[in-house]
Each structure stands twice: as structure tokens, then as C-alpha cells.
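Counting starts at 1 for both ligands and their atoms, following the listed order. Both backbone and side-chain heavy atoms feed into the values below; hydrogens, waters and symmetry mates do not. Bear in mind the structure is a predicted one, so any value in this text is a computation, not a measurement. Along the sequence shown, the residues carry numbers beginning at 1.
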Amino acid sequence: MAVSAPGAAQHAAAEIVARLRAAGHQAYFVGGCVRDLLLGREPEDFDVATSATPDQVLTMFEKTFAVGAHFGVVLVCSPVPGDGELVTEVATFRSDGAYTDGRHPDAVRFSTSPEEDVKRRDFTINGMMLDPAVLARTHRPEDAVLDLVGGMQDLGAGLIRAIGEPGERFAEDKLRMLRGVRFAARFAFELEPATARAIQGLAPAVSQVSHERVRDELTRMLTEGRASRAFELLDATGLLVQVLPEVVKMKGVPQPPQYHPEGDVWVHTLLLLERLPAGCPMALAWAALLHDVGKPATFRIAPDRIRFDGHVEVGVRIAAEICRRLRFANHETEQILSLIANHMRFADAPKMKESTLKRFFRLAQFDQHLALHRLDCLASHGSLELYDFVRERFETLPQEQVRPHLLVTGKDLIEAGYRPGPQFTHMLATAEDAQLEGAVHTREQALALIRERWPAP
Ligand code: ATP
Ligand code: MG
């Protein structure tokens with residue numbers, strides 16, 4: 001397979017490999033970039049593996065950072081003409097010692113053997129090296145690959161297979177279980193059966209992974225495309241009940257068929273996830289996953305139909321607990337919760353007073369609210385009537401009408417003879433509402449309205 005012209009990052013990494021080799025060391029591209037080149041995908045970054053020690057790497061290049069020198073990792077900066085600089089990770093071949101904490105090797109040993117280096121990596125498709133000099137000559141990554149783990153075959157067969165004995169490899173580092181699911185979903189691959197069985201057996205031990213790393217893996221699954229497949233696999237492997245038990249509770253919770261012909265709350269949620277595009281905002285993706293997380297707890301069979309009274313408020317509380325547990329930043333939590341809290345308000349939009357609608361539009365990142373509502377419709381009844389109505393209004397209302405310069409301020413009220421106090425909030429809101437409704441247009445009109453309701457002292 002021919003690949004498109006290499007970008008600056010590939011050039012910089014190939015240059016580093018060439019310099020290392022000229023100095024008598026072994027050096028290759030390694031890991032994700034090799035996999036992506038073989039798949040004909042643009043790699044996000046290029047990692048280099050070498051027999052040179054970190055000290056040797058540090059002295060060979062002008063600008064370097066010894067970020068993880070004890071792990072053998074050095075960052076090498078390459079200038080890009082007119083475009084700043086590029087950073088390439090250069091890692092010394094190594095073998096990892098025992099993992100007593102289930103997260104990190106106790107010690108690493110540098111090595112001169114590429115074979116030792118790839119054996120400590122996670123999956124066969126991530127365990128290949130590539131010689132950029134051959135690639136530059138033939139433009140065929142498959143000619144340039146050094147495959148010591150059977151990665152080519154698994155890439156062709158669409159399999160995520162642990163390198164070595166899967167149970168041992170997952171016991172060493174539990175995060176690999178989540179990575180396996182993520183790669184399977186991203187590339188629409190299967191988990192190789194022994195790899196899948198090992199994950200099923202060890203799934204409870206995923207609790208040893210830090211909450212931050214679990215969160216980051218889940219966020220990547222939600223925002224790389226094929227999120228529904230990732231969550232189906234998380235469920236099938238038994239990882240989901242460990243990391244997000246609240247989400248598993250959505251399984252088998254029936255919904256009223258007239259609004260939700262697609263099925264239960266879990267099926268509905270997966271249908272939303274299926275439509276999340278690669279690169280979508282993380283708050284939108286998390287809200288898509290959690291927007292109905294309050295339904296299991298509020299399910300009831302009313303005389304007329306199944307109802308979930310209060311599911312939004314309950315859902316916000318559950319989601320807040322999830323965000324706290326997974327250590328989201330405050331601004332991320334806020335946006336996720338706002339999306340969940342407001343997701344049922346679209347139904348009221350056609351009846352909203354003009355001032356209420358404009359305040360609705362003031363929600364931070366309203367485009368994300370719109371996007372969530374659209375997903376919610378498409379994943380259930382399929383009608384976009386309401387969505388089109390709200391989007392139309394949102395897109396055509398000029399910003400100065402949504403957030404107009406206020407006609408009256410607290411200072412104006414004081415000048416008009418009112419004593420500052422709690423009623424100021426109501427007075428100002430009344431004036432603003434009238435302004436948003438288009439009922440008043442000048443400061444005098446707004447003050448006159450206030451005097452009607454609150455006779456001046
Ligand atoms: P992505 O496209 O998601 O970045 P990647 O394969 O490049 O995928 P990275 O997390 O960037 O993944 O890691 C680079 C390489 O390091 C992997 O390809 C793999 O060889 C190795 N690796 C990363 N994490 C682990 C781990 N937890 N256990 C073993 N090897 C790992
Ligand atoms: Mg990578």
C-alpha cells in the first residue's frame with residue numbers, strides 16, 4: 001500500500017533515526033505510528049526506539065528534555081523552518097521488571113535488543129518497528145516493518161491480541177484492559193478470544209487503575225468515533241460494571257414505545273453513542289452517555305404509560321457523583337451537568353416566552369445543547385422538527401438581542417430614588433425580561449415599568 005507524502009513530524013522522526021544510526025546505534029519508528037502507517041492512517045505522533053542509552057541520546061541532539069530518563073525516554077526537539085519546533089519521543093530499548101503495584105514496573109533494564117523492547121509492549125498491532133530509510137525508498141510500510149510479535153497478521157485479521165500470555169500482561173498493568181477495548185473499538189477489530197477471556201477474568205482488578213487514567217481512557221473511547229462499540233465491549237468484558245456501574249443500570253429499563261420505539265434506556269444510549277463523531281467535544285460525549293442516567297432510579301409504571309418523573313434532576317445528581325469520582329475539572333463537570341440538566345427543555349421551546357428562550361440560548365456552548373438534543377431525537381423517534389425549530393431561532397437571533405446591553409442598572413435604580421436591597425434583583429430582572437420581550441426599548445420606558453410595579457419611595 002502506498003502512503004501519502006510524509007508530514008513534518010515524520011521527517012523529523014526519520015532524521016532522528018538516521019542520526020542515531022549514523023552514530024552506530026539501532027533505531028526504528030515504533031508502536032502506534034507503525035500500526036497507523038500500515039493501516040494507511042495518518043499517525044498522530046512518531047515515536048522512536050533505539051539501542052542508544054538516554055545519556056547518549058541527550059548528548060547527540062541540540063535540544064532535548066530528559067522527561068522520563070529512568071524509563072529511558074528523552075524528548076528531542078527538531079526545528080521546523082518557519083513553524084516552531086517538533087517534539088519526538090525517543091525511548092531506549094528496555095525490558096520491564098515485575099509490576100508489584102499493577103500499574104508500573106518496579107524497575108526497567110535498558111537493552112540492545114528490539115525483541116526485548118517489543119515484548120514489553122501491550123498488543124501485537126502496537127508492537128512493531130519500522131525502518132524509515134526503507135520506507136523512504138519503497139513508500140511501502142509493509143516492506144519496512146520489523147515484526148517480531150505477529151502484528152502484521154493480526155492487523156490483517158482485525159485482532160487485538162496481547163503480546164505474550166494475556167493474563168500475565170493484564171495482571172502487570174490493568175490499564176491495558178481498557179486500552180484493548182479502546183483499540184478494538186477504534187479500528188472496528190475483535191478482541192482475540194484468549195485476550196478477551198483474560199480481560200473478563202481480571203476485570204474487577206481495573207479498580208487498581210487511577211480514576212484519572214480510567215477517565216482519560218473512557219473520554220478517548222467516547223470521542224474517537226465508534227463509541228457505541230467501545231461501550232458494548234466494555235459491557236461484554238465486565239469492565240463497565242467496574243468503572244461505571246450507574247451506566248449498567250440502564251440495561252433492561254423499558255421506555256414508553258410511543259416515544260422510544262428503539263427499546264430500553266441502554267439501547268437508546270448506545271444509539272446516541274453510535275452517532276458521536278470522532279473529535280466531538282468531550283462534554284457532549286459524556287452528556288450523551290449520561291443524559292438518561294437518572295431513568296433507572298425514577299422508572300415507574302403510571303396508569304397511562306411508563307414515566308420517569310424527575311429523571312433529569314436525579315440524573316444530574318448521579319452524573320455529578322461520577323464526575324467527582326473520575327476527578328473531572330470543575331469547568332468540565334459544569335458543562336456536562338448543564339447539558340444533562342437542560343436536555344428536556346427543548347420540548348418546551350415552542351411555548352417559551354421570548355425572554356425565556358433568549359435566556360436558554362445564553363447557556364454556555366449552546367451548540368452542544370443543540371447537538372445533544374439532535375442525537376437524542378435521532379436515537380429515538382427520529383423527528384427533527386423541534387430541533388430544526390430551535391436551531392433556526394438560535395441561528396437567526398442576533399447576539400445583541402440574546403444579550404442586549406441592559407437598559408437599566410442598579411445605579412439607575414439608586415438615582416431613581418430606590419434604596420439598594422434584595423428587591424433590586426427582581427426589579428432588574430423585570431426590566432430585562434421586558435427588554436428581551438421587546439416591550440421596552442429605552443431606559444425611560446424600563447424605569448416607568450419598574451415604577452408601576454414598585455412605586456418610588
Ligand atoms: P494512540 O494512537 O492512541 O496514541 P498508541 O499505540 O500510539 O496509540 P500510546 O499510548 O501513544 O499508544 O503508546 C505508544 C506505544 O507504547 C504503544 O503503541 C505501545 O507499544 C506502548 N504502550 C503504551 N501504553 C502501554 C501499556 N500500558 N503497556 C504496554 N505498552 C504500552
Ligand atoms: Mg501514540
Check step by step if salt bridge (charged side-chain N to carboxylate O under 4.0 Å, His left out) holds for Glu115 and Lys119. CA-CA 6 Å; Glu115 186 152 10; Lys119 291 226 158 112; 3.3 Å; yes
Does the side chain of Asp376 come under 3.5 Å of the side chain of His268 through a donor N or O and an acceptor N or O? yes
What are the two closest heavy atoms between Leu384 and Cys377, and how far apart are they? CD2-CB, 3.9 Å
Measuring to protein heavy atoms, does anything land under 4.0 Å from atom 11 (O) of ligand 1? no
Criterion ring-ring contact (aromatic ring centres under 6.0 Å, His included) on His311 and His291, from CA distance to verdict: CA-CA 9 Å; His311 90 265; His291 75 291; 7.9 Å; no
Under a 4.0 Å heavy-atom limit, does Met177 contact ligand 1 with its side chain, its backbone, both, or neither? neither
shortest atom 3 (O) of ligand 1-to-protein heavy-atom contact is with Arg186 NH2, 2.6 Å
With only distance considered, is Arg169 within less than 3.5 Å of ligand 1 through an N or O on each side? no
How far is atom 27 (N) of ligand 1 from its nearest protein heavy atom, and which residue and atom is that? Asp173 OD2, 2.8 Å
Look at atom 5 (P) of ligand 1 and say which protein heavy atom is nearest, naming residue and atom and giving the distance to 0.1 Å. Arg35 NH1, 3.7 Å
With heavy-atom distances below 4.0 Å as the criterion, list the atoms of ligand 1 near Phe183. 3 (O), 6 (O), 8 (O)
Region of Phe123 engaging ligand 1 - heavy atom pairs below 4.0 Å: neither
Side chains of Arg121 and Asn126: any donor to acceptor distance under 3.5 Å? no
Please confirm whether Arg120 comes under 4.0 Å of ligand 1, counting heavy atoms of the residue only. yes
With a cutoff of 4.0 Å, is Leu175 in contact with ligand 1, counting heavy atoms of the residue only? no
Any idea which protein heavy atom is nearest atom 28 (N) of ligand 1, and the distance to it? Arg176 NE, 2.7 Å
Hydrogens and angles aside, do Thr195 and Glu192 bring a side-chain donor and acceptor to less than 3.5 Å of each other? yes
Protein heavy-atom partner closest to atom 14 (C) of ligand 1 - residue, atom, separation in Å: Asp47 OD2, 3.9 Å
Taking heavy atoms and a distance under 4.0 Å, where does Glu44 meet ligand 1: side chain, backbone, both or neither? neither
Between the side chains of Gln368 and Gln335, does any donor sit under 3.5 Å from an acceptor? yes
Salt bridge (charged side-chain N to carboxylate O under 4.0 Å, His left out), that's the test. Do Arg103 and Glu172 meet it? Break it down for me. CA-CA 7 Å; Arg103 297 192 238 195; Glu172 282 173 357; over 6 Å; no
Element-labelled atoms of ligand 1 that are located less than 4.0 Å from some non-hydrogen atom of Arg220: 1 (P), 3 (O), 4 (O)
Geometry only, no angles: is Gly127 polar-contacting ligand 1 at N/O separations under 3.5 Å? no
Taking atom 21 (C) of ligand 1 as the reference point, the nearest protein heavy atom with its distance: Arg121 NH1, 3.6 Å
Name the closest protein heavy atom to atom 7 (O) of ligand 1, giving the residue it belongs to and the distance to 0.1 Å. Gly32 CA, 3.5 Å
Would Asp309 and Thr298 count as having a side-chain donor-acceptor pair, cut-off 3.5 Å? no
Would you list the pairs meeting ring pair (Phe, Tyr, Trp, His ring centres under 6.0 Å) in which at least one residue belongs to residues 10-34, sequence neighbours left out? Phe29-Phe46
Please report whether ligand 1 has a polar contact with Asn126, defined as an N or O pair separated by less than 3.5 Å (distance criterion only). yes
Over all atoms of both residues, closest heavy-atom pair of Leu339 and Ala283: CD1-O, 3.6 Å
Of the choices Arg41, Arg179, Arg213, Glu217, which has the non-hydrogen atom that lies closest to atom 13 (O) of ligand 1? Arg179
Backbone N or O of Ala236 within a donor-acceptor pair of the Gln200 side chain at under 3.5 Å? yes
Min N/O separation Asp45 to ligand 1 under 3.5 Å: no
The atoms of ligand 1 lying under 4.0 Å from a heavy atom of Gly31, numbered in the order shown, are 18 (O)
When the ring centroid of Phe394 is compared with that of Phe366, is the distance short of 6.0 Å? yes
For atom 30 (N) of ligand 1, closest protein heavy-atom neighbour: Asp122 N, 3.2 Å
